[in-house]
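All ligand and atom numbering here is 1-based and tracks the order in the structure. Just so you know, these numbers use all the heavy atoms, side chains as well, and skip hydrogens, waters and symmetry mates.
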Amino acid sequence: MTLEIRTATDNDWESICRADGRAFGFGYTDAEMAERRPLHDLSRFRIAVDNGEIVSTAGSYALDVTLPGGVCVPMGGVTWVSTLATHRRQGIMRQVVEAVHADIDSRGEPLATLWASEGSIYEHLGYGIASQVRMTTINPRLASMGAEYRCEPGSVRYIDGDAAIDAMTDTWERFRRCRTGEVSHDHAYNEVVYPLRARPDGAMSGAYYLSHADGYAAYRIEQKWNTGHPAHILHLIELAAVTPEAHAALWHTLLSIDLVGEIRSNVIASDDPLPFLLDNQRALRTIELNDGIWANVRDPAICFGARSYRCSDRLVIEADGKRWAIEGGPDGASCRAVRTRPDLLTTHAWFSALLYGGTLPSTLVAGRRMTARNADVLNRADLFFGTALAPHCQSHY
Ligand SMILES: CC(C)(COP(=O)(O)OP(=O)(O)OC[C@H]1O[C@@H](n2cnc3c(N)ncnc32)[C@H](O)[C@@H]1OP(=O)(O)O)[C@@H](O)C(=O)NCCC(=O)NCCS
């Protein structure tokens, strides 16, 4: 086998789609490949080629991510990681992903993150779990909201076309800065995504958009007529509410949609206040709580120096032999390499997991992924790194 690892070019796009399709089990038509092409900057993709055939791929999206305190940093959203079944477990994915990391580093992006298809792949590559994803189901027939949440007539409306693209761009930009872990969606992205979502997806309808001055929601409907007992499934695919009023108004409207027997979603944060707005909190059930975003901090000084901390303190963390002193508080911080005695000892993956504030040092210590100098240090570390709002990401990249 003569393996070449190189940067992808425009000419590789269709072969990348075919290789990835084989690895993940999908197949794009020519039209689908063409319409998705603008979402991908192939200069950020690396491919392994064996005898003229693409056998492994990985790339990244240029994104901006919100950190605790509301500061945003540029980030490489790693994606399209695959190796053909004929070439697996020979270390090829590792080489291709490391080439993508080198590209992210060369662009000055201090962070790489990804969604993992399987839980056991990415710790080997320096990634730790930074946020969670929750699968929920709501029975709208049990989920009544108090009359006080009924929105003013006209404050929530259906939108489509350019109005939906503008809401997805402008409202999202305000929303994503309020939640650690959420990422940028620019206008060009929304112009591609809107027509993709407008088409039916399997048994689901095209997307509908509900708009409020400070929020919007996107959903698809899967019809279930059940011979006279309609119980459609409403699949909530995005909900961006900048204010509590927008959140309540959008949910009041979603829960009022007729013929719906279930609302399913994986975009509701674990600390979303919705259950408290319902007369019966158990109308919302959590079906699964899984790992969400995996983070690999490429530049600790920039990442841990950019976020804020819940209280003022200074802690030294040793990760894979390198020691970092983080000193900061609610108003800002600095992070620099030091030689002093560490308070916490871990690997690069679980050091990275601390960035968003959703994975606490005490959890990692109890899970044997970290050790602490003593119980007092561990208590301080939990107070320091933890955040009020759970980090969360609705964007799948
Ligand atoms: C996941 C996938 C890309 C791995 O490709 P690969 O070329 O076989 O991976 P490598 O040989 O470079 O393995 C790198 C490391 O990850 C581990 N690893 C890879 N895939 C793994 C898996 N599915 N489960 C557990 N560990 C895995 C390997 O053991 C290896 O660890 P080591 O270097 O410490 O021994 C490939 O199996 C694939 O295409 N799967 C289907 C698509 C997919 O799920 N992609 C990931 C999207 S997030």
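- Ser395 and Glu182 form a side-chain donor-acceptor contact under 3.5 Å, judged by distance and modelled atom types alone.
- Short contacts between ligand 1 and Trp115, defined as distances under 4.0 Å to a heavy atom of the residue, involve ligand atoms 48 (S).
- Counting atoms of ligand 1 from 1 in the listed order, those under 4.0 Å from a heavy atom of Ala23 are 39 (O), 41 (C), 42 (C).
- Closest protein heavy atom to atom 21 (C) of ligand 1: Arg89 NH2, 3.5 Å.
- Atom 39 (O) of ligand 1 has its closest protein heavy atom at Thr83 N, 2.9 Å.
- At the shortest separation from atom 13 (O) of ligand 1 among protein heavy atoms lies Met93 CE, 4.3 Å.
- Not a single N or O atom of Tyr122, backbone or side chain, sits closer than 3.5 Å to an N or O atom of ligand 1.
- A donor-acceptor contact closer than 3.5 angstrom links the side chains of Tyr61 and Trp80.
- Residues Trp294 and Asp291 have side chains that bring a donor and an acceptor to within less than 3.5 angstrom of each other.
- Annotation for ligand 1: atoms under 4.0 Å from non-hydrogen atoms of Gln90 are 11 (O).
- Looking at ligand 1, you won't find any N or O of Ser82 less than 3.5 Å from one of its N or O atoms.
- Side chain of Arg369 to backbone of Ala366: no donor-acceptor contact under 3.5 angstrom is found.
- In terms of protein heavy-atom proximity, atom 25 (C) of ligand 1 is nearest to Ser120 OG, 3.2 Å.
- Interface atoms of ligand 1 facing Glu118, defined by a heavy-atom separation under 4.0 Å, are 23 (N).
- In the model, Ser15 has no side-chain atom that pairs as donor or acceptor with a side-chain atom of Asp12 under 3.5 Å.
- Ring orientation note: the planes of His232 and Trp225 are nearly perpendicular, at an angle over 60° on the 30°/60° scale.
- In this structure, Tyr216 and Tyr209 have tilted ring planes: the angle between them lies in the 30° to 60° band.
- Of all protein heavy atoms, the one lying nearest to atom 44 (O) of ligand 1 is Ser117 OG, 2.5 Å.
- Scanning all protein heavy atoms for the shortest distance to atom 32 (P) of ligand 1 gives Arg94 NH2, 3.8 Å.
- Side-chain contact check for His392 and Asp271: no donor-acceptor pair (N or O, by modelled atom type) lies under 3.5 Å.
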Can His235 and Ser265 be said to form a side chain to side chain donor-acceptor pair (under 3.5 Å), step by step?
CA-CA 6 Å; His235 296 267; Ser265 185; over 6 Å; no
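- Tyr28 and Arg36 are linked by a side-chain donor-acceptor pair at a separation below 3.5 angstrom, with hydrogens and angles left out of the test.
- Residue Val81 has at least one N or O atom closer than 3.5 Å to an N or O atom of ligand 1.
- Under the 4.0 angstrom criterion, atom 18 (N) of ligand 1 counts as lacking any protein heavy-atom contact.
- In terms of polar-atom proximity, defined here as any N/O pair under 3.5 Å, Arg88 does make such a contact with ligand 1.
- At the shortest separation from atom 1 (C) of ligand 1 among protein heavy atoms lies Ile121 CD1, 3.6 Å.
- Among protein heavy atoms, atom 34 (O) of ligand 1 sits closest to His124 ND1, 3.1 Å.
- At least one heavy atom of Gly91 sits under 4.0 Å from some atom of ligand 1.
- Between His185 and Tyr189, the angle of the ring planes lies from 30° to 60°, which puts this pair in the tilted group.
- With rounding to the nearest 0.5 Å, the separation of CG in Asp186 from CE in Met168 is 11.0 Å.
- Of the polar atoms of Phe24, none of the N or O atoms is found under 3.5 Å from an N or O of ligand 1, judged by distance alone.
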